[in-house]
Amino acid sequence: MARTTAVNSTITTSSLACSVPAGTASGDVMVALISRPSSGATVSTPSGWSILSGFPVQNTNGTTFCGFYKVAASEPASYTFAGSTGKWCIAMATYRGVDNGTPIHASAAAIDTTSRAAHASPSVTTTVADCWILTGYCDRGTSSASTWATPSGLTSRSGSLVTTGTSNNSLATFDTNADEPTGSYSYSATASAAQNNASMCTVALAPASAVPAPPVPAAVLLQAASRAALR
């Protein structure tokens with residue numbers, strides 16, 4: 001199960017609140033991806049959250065991409081993310097059935113400084129079955145940032161977020177909407193405009209550990225073996 005909320009700013013500000021997805025329950029895992037339209041932008045880690053491995057990444061051509069995760073407990077209605085003054089795009093998603101001890105099986109983020117519309121997320125390799133894979137993409141435009149087409153095989157979660165005015169940034173998030181077998185995963189998303197400042201990520205969420213079957217008492221095993229010998 002996945003639920004998502006998303007928000008973007010229309011003015012420059014040093015913080016922005018994003019609602020916790022409706023229905024989030026204790027034990028769910030929340031992932032927040034944040035796009036900023038500056039290579040020098042900062043985002044502070046909110047209390048109780050952890051930084052996703054590989055983040056943040058800063059494209060010298062003009063974007064900063066940050067990622068955080070948290071195992072849900074008793075959650076507030078929203079979280080406020082703070083940092084340097086500027087514009088923000090935030091997408092927060094909640095996932096159920098994720099391992100609470102080590103929720104992130106693999107995570108990677110990268111930049112693309114080549115001017116093009118199609119940008120591939122960095123590859124991650126899973127070594128356990130049934131991970132959910134999520135991806136995120138952002139860029140910046142002088143007068144208009146990009147909207148993003150949904151990559152083949154993925155489901156859109158946040159839609160395309162785009163700030164307004166000059167020096168706009170974008171953000172779009174997607175996931176597999178299903179458990180996936182072990183393997184390597186990377187997805188290409190196509191933006192509405194060719195930019196040289198895109199940043200991308202791929203995250204694999206570890207499945208909740210299966211509860212092992214209780215051991216069978218030795219006496220029961222011996223009894224079953226005796227019955228089999230009598231047949």
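The basis for the numbers below is simple: all heavy atoms, side chains too, and nothing from hydrogens, waters or symmetry mates.
Tyr137 and Leu134 are members of different hydrophobic clusters when ILVMFWY side chains are connected at heavy-atom separations under 4.5 Å.
Considering OG1 of Thr163 and CG of Asn169, their distance stands at 4.0 Å, rounded to 0.5 Å.
If you check the side chains of Ser107 and Ser53, you find no donor sitting under 3.5 Å from an acceptor. Side chain to side chain, Asn59 and Ser199 fail the donor-acceptor criterion of an N or O pair below 3.5 Å.
Checked by atom type and distance alone, the side chain of Arg140 pairs as donor or acceptor with a backbone atom of Pro37 at under 3.5 Å. Of the possible donor and acceptor atoms, one in the side chain of Gln58 sits under 3.5 Å from a partner among the backbone N and O of Ala41. In this structure, Thr63 contributes its side chain and Asn197 its backbone to a donor-acceptor pair below 3.5 Å. Side-chain atoms of Ser38 come within 3.5 Å of backbone atoms of Gly40 as a donor-acceptor pair (strictly under, hydrogens ignored).
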Mind listing the side-chain donor-acceptor pairs of residues 180-189 below 3.5 Å, one per line with the distance, residues two or more places apart or on another chain?
residue	atom	partner	partner atom	Å
Ser184	OG	Thr125	OG1	2.8
Tyr185	OH	Pro181	O	2.5
Ser186	OG	Ser121	O	2.5

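Each of Thr150, Thr135, Thr173, Asn177 was compared with Arg157 under the side-chain hydrogen bond (donor to acceptor under 3.5 Å, both in side chains) criterion, and only Asn177 meets it.
When all heavy atoms of Ala204 and Val124 are compared, the pair lying nearest together is CB-CG2, 4.4 Å. Annotation for Pro207 and Val128: closest pair CD-CG2, 4.1 Å, computed over non-hydrogen atoms. When all heavy atoms of Ala32 and Trp49 are compared, the closest pair comes out as CB-CZ3, 3.8 Å. In plain terms, the two heavy atoms of Leu171 and Ser158 that are nearest each other are O-OG, 4.3 Å.
For Ala25, the side chain to side chain contact (heavy atoms under 4.5 Å, CB included) test picks out Asp28, Arg96, with sequence neighbours left out. Residues satisfying the side chain to side chain contact (heavy atoms under 4.5 Å, CB included) test with Thr85, not counting sequence neighbours, are Thr12, Ser14. Take Ser160 and apply the side-chain hydrogen bond (donor to acceptor under 3.5 Å, both in side chains) test, not counting sequence neighbours, and it matches no residue. Qualifying side-chain hydrogen bond (donor to acceptor under 3.5 Å, both in side chains) partners for Ser170, counting only residues two or more places apart in sequence or in other chains: Asp139, Trp148.
Among pairs with a residue in residues 108-118, those fulfilling side chain to side chain donor-acceptor pair (under 3.5 Å) read Asp112-Arg116, Asp112-His119, at least two apart in sequence or across chains.
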